[in-house]
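Residue numbers start at 1 and run along the sequence shown.
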Amino acid sequence: MPTSSAYAKVNGVEMYYEIHGAARDSGTGAADPGAAARRPLVLLHGGVTTIGMSFGAVLPALAADRHIVAPELQGHGHTADTDRALTVPNLASDVVALLDELGIRQADFLGYSLGGLTALEIGIRHSDRVGRLVLAATQYHQDGIHDEVHAGDFDSPRLPSQADFEEMAEAYAACAPHPEHYQDFLGKISVAANAPLPWTADDLRTVEAPTLLIIGDRDFVRVEHAAEMQRLIPRARLAVLPATNHMTLMRRTPVLLPLLNEFLD
């Protein structure tokens with residue numbers, strides 16, 4: 001359960017967010033001494049999911065001694081959609097505006113899938129706001145995604161299972177302000193997921209933050225593409241989790257938590 005939750009008006013979006021874990025010193029933007037003076041950690045969830053669906057497995061451990069800020073992006077979870085286009089730059093702008101609202105000058109970021117794209121945009125366009133950057137199941141170009149994912153081959157083990165799709169629908173119905181809009185939202189997110197991404201290889205070379213790239217060996221993202229990102233981002237490292245697909249990546253806590261804790265600390 002979150003320590004607190006609220007809504008913030010950012011860029012015309014009523015953005016829902018949760019606070020988990022240790023308190024933050026409002027004067028410095030750093031965590032209190034009991035949290036080892038760590039930067040706040042921003043969690044950015046995957047597409048068509050919620051905070052809990054994306055991070056429920058790792059959140060308790062991460063929040064044990066960190067100040068966590070976890071928003072739900074436009075149209076996701078408790079955050080209502082608007083007529084505005086659902087684009088990565090728009091989502092990143094919302095997150096930065098939320099941090100301004102909360103008085104957080106700099107944070108670490110853990111972004112998963114759509115949240116990883118959002119975090120990468122922040123790392124490129126707002127580098128001064130990022131301490132450390134974790135990009136989970138994140139590509140910088142659509143060619144980095146396996147063909148069967150783009151084609152929607154639902155027989156592929158890389159894609160969500162029927163049970164995964166049912167869990168997404170149930171989560172949307174449980175907390176969305178307008179659950180009757182689910183099919184419209186799926187259409188909008190599908191367009192966003194296949195849209196060209198706004199970066200070049202040269203953009204990745206400008207990322208200043210130490211960066212941890214994490215994918216599963218059966219993920220949406222090609223291993224070769226993740227390795228290319230690791231070469232392009234100056235201070236990047238790459239972890240490929242074995243026997244792991246897109247939907248199980250953030251649930252592999254015995255492997256994932258040691259990686260995250262070592263890197264973020």
Considering only NZ, NE, NH1 and NH2 on the basic side and carboxylate oxygens on the acidic side, decide whether Arg84 and Asp94 come within less than 4.0 Å.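 The answer is yes: the pair qualifies as a salt bridge.
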Does this structure show an ion pair linking Asp265 with Arg132, if we count only N-O contacts that are shorter than 4.0 Å?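 No.
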Member of His76, His181, Lys188 meeting the side-chain hydrogen bond (donor to acceptor under 3.5 Å, both in side chains) criterion with Asp81: Lys188
Is the closest side-chain heavy-atom distance between Ile215 and Phe220 below 4.5 Å?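 Contact flag for Ile215/Phe220 side chains = no.
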So do the side chains of Leu59 and Ile68 get within less than 4.5 Å of each other, counting heavy atoms only?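 Answer yes - side chains close enough.
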Side chain [X], main chain [Y], donor-acceptor under 3.5 Å:
X	Y	result
Gln106	Arg39	no
His141	Asp143	yes
Arg252	Leu241	no
Asp217	Ala243	yes
Arg251	Ala57	no
Ser113	Gly115	no
Thr118	Leu114	yes
Thr49	Gly46	yes

Count the heavy atoms of every other residue, nucleotide or ligand shown that sit under 6.0 Å from CD of Glu262, and state whether that count exceeds 12.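 No.
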Might you confirm whether atom CZ of Arg205 has over 12 heavy atoms from other residues, nucleotides or ligands at distances under 6.0 Å?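 Counting other residues, nucleotides and ligands, CZ of Arg205 exceeds 12 neighbours.
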Drop me the distance from Leu43's CG to Phe109's CZ, to the nearest 0.5 angstrom. 10.5 Å
In Å and rounded to the nearest 0.5 Å, what is the CG to CG distance from Leu73 to Leu98?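 Reported to 0.5 Å precision, the distance equals 10.0 Å.
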With side-chain hydrogen bond (donor to acceptor under 3.5 Å, both in side chains) as the test, would you mind laying out the steps for Asn90 and Ser93 before giving the verdict? CA-CA 5 Å; Asn90 282 345; Ser93 176; over 6 Å; no
Mind checking whether Tyr182 and Tyr172 have parallel, tilted or perpendicular rings, split at 30° and 60°? tilted
